[in-house]
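Below is one structure; the comments refer to it alone.
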Number of protein chains: 2
Amino acid sequence: MDMTTFSALAEPNRLRIVELLLDGPMSVGEIAEQLQIRQPQASKHLRTLLDAGLVEVEAVANRRNYKLRLEPFQQLDAWLNTYRGVWNEQLDKLESYLNKLKHKSN
Amino acid sequence: MDMTTFSALAEPNRLRIVELLLDGPMSVGEIAEQLQIRQPQASKHLRTLLDAGLVEVEAVANRRNYKLRLEPFQQLDAWLNTYRGVWNEQLDKLESYLNKLKHKSN
DNA sequence: CAGGAATATTCTCTAAATGGTATATTTAGT
DNA sequence: ACTAAATATACCATTTAGAGAATATTCCTG
């Protein structure tokens with residue numbers, strides 16, 4: 001799993017940016033306004049997200065519209081599969097334990 | 001989504017610890033040895049993971065055995081569902097676009 | 001109950017991340 | 001070409017994270 005995804009999401013403003021972008025592409029100014037932060041901060045966080053591959057930009061005249069890239073989220077999803085393995089194991093154990101209980105008590 | 005999960009996983013040694021613990025509980029010493037780091041570092045990272053709720057400890061005599069807590073990973077999984085929504089949308093769009101192409105060219 | 005092993009904590013130092021402010025860059029409109 | 005708007009970058013100051021080394025704590029064993 002690529003750690004830079006986690007670093008990028010570990011900062012509150014950046015996490016909020018990512019969640020904002022779920023609703024679709026947005027310009028730097030709009031993002032800054034929504035998050036109540038100054039424009040340079042917004043640009044800097046977007047730069048970080050860009051470097052981490054979490055977003056991409058499309059330049060439209062004066063504006064830069066940022067939008068989510070899905071690949072890193074899909075990678076995250078794939079990574080989580082390993083853990084699903086573990087928790088399913090535990091559910092299975094629980095289930096068979098409950099089955100044993102049932103047979104004994106009946 | 002709780003940000004501290006991301007912060008905790010954003011550090012390489014901690015990410016490795018988490019992946020180590022997939023194979024089962026492990027003591028501080030074993031973890032330090034596997035990661036080739038010094039014991040105090042291991043303890044400190046484990047402390048961070050503990051505070052973030054990613055692991056839990058069981059004290060057995062001298063040893064402290066750390067193991068994964070699944071809840072945060074399940075939360076992460078749930079959070080990702082939002083993004084699955086987005087990428088399924090895009091797959092749907094792609095699919096219907098391909099269908100249109102097919103009908104036109106035939 | 002003294003000694004040793006395993007672990008946690010504290011302190012110090014350095015490096016990296018972050019916010020603020022000012023400034024540079026690009027583009028549209030006149 | 002000049003001005004204004006949108007964005008990016010650079011610089012500085014502050015904070016925070018992490019490594020290392022030393023020390024404290026806990027618990028087992030003899």
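Naming convention: chains lettered A, B, ... in sequence-line order (proteins, then strands); numbering from 1 in each chain. When reading the values below, keep in mind they use all heavy atoms of this one structure, side chains included, and skip hydrogens, waters and symmetry mates.
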For this session: Identify whether any heavy atom of B:S27 sits under 4.0 Å from a base atom; if not, whether one sits that close to sugar-phosphate; answer base, sugar-phosphate or nothing.
Result: sugar-phosphate

Problem set entry | Closest to the B:R63 side chain, choosing from D:dT7, D:dC28, C:dA6 | C:dA6

Exercise. B:L35 has an atom CG; how far is it from atom C1' of D:dA19, in whole Å?
Worked result: 15 Å

For this session: Ignoring hydrogens and angles, tell me if any N or O in the side chain of B:R14 forms a donor-acceptor pair with the backbone of B:H45 under 3.5 Å.
Result: no

Exercise. Counting only side-chain N and O atoms of B:Y66, is one of them less than 4.0 Å from OP1 or OP2 of C:dA6?
Worked result: no

For this session: Spell out yes or no: do the side chain of B:N62 and the base of C:dA5 have one donor N/O and one acceptor N/O closer than 3.5 Å?
Result: yes

Exercise. Are any of B:R38's side-chain N or O atoms less than 4.0 Å away from OP1 or OP2 of D:dG20?
Worked result: yes

For this session: In whole angstrom, give the distance that lies between atom CZ of A:R47 and atom C1' of C:dA16.
Result: 17 Å

Exercise. A:E19 and B:W79: side-chain donor and acceptor closer than 3.5 Å?
Worked result: yes

Exercise. Between C:dT21 atom P and A:I37 atom CD1, what is the distance in whole Å?
Worked result: 14 Å

Exercise. Of all the nucleotides listed (D:dT26, C:dA8, C:dT18), which has the minimum atom distance to the side chain of B:S43?
Worked result: C:dA8

For this session: Return the value, rounded to whole Å, for the distance between atom NZ of B:K44 and atom P of D:dA24.
Result: 16 Å

Exercise. Just how far, in rounded Å, is C1' of C:dA17 from CD of B:E11?
Worked result: 15 Å

Exercise. Contact class for A:N65 (heavy atom, under 4.0 Å): base, sugar-phosphate, or nothing?
Worked result: nothing

For this session: Look only at the side chain of B:E30 and the backbone of B:S27, and say whether a donor-acceptor pair between them is shorter than 3.5 Å.
Result: yes

For this session: Give a yes/no on whether any side-chain N or O of B:N13 is located under 4.0 angstrom from OP1 or OP2 of D:dA19.
Result: yes

Exercise. How long is the line joining CD of A:E33 and P of D:dT7, in whole Å?
Worked result: 11 Å

Exercise. Of the candidate nucleotides C:dT7, C:dG4, D:dA8, which contains the atom at the shortest distance from the side chain of B:V28?
Worked result: C:dT7

Exercise. Do A:R16 and A:N13 have a side chain donor and acceptor closer than 3.5 Å?
Worked result: no

Exercise. Has the side chain of B:Q39 got a donor or acceptor that lies under 3.5 Å from a partner of the other kind on the base of C:dA6?
Worked result: no

Problem set entry | B:K67 and B:D23: CA distance, side-chain angles, deciding distance, salt bridge (charged side-chain N to carboxylate O under 4.0 Å, His left out) verdict | CA-CA 9 Å; B:K67 69 172 185 175; B:D23 296 333; over 6 Å; no

For this session: Looking only at side-chain atoms of A:P40, point me to the closest of C:dT7, D:dA8, C:dT27.
Result: D:dA8

Problem set entry | Length of the CD-C1' vector between B:Q41 and D:dA22, whole Å | 12 Å

Exercise. How long is the line joining NE2 of B:H45 and P of C:dT7, in whole Å?
Worked result: 16 Å

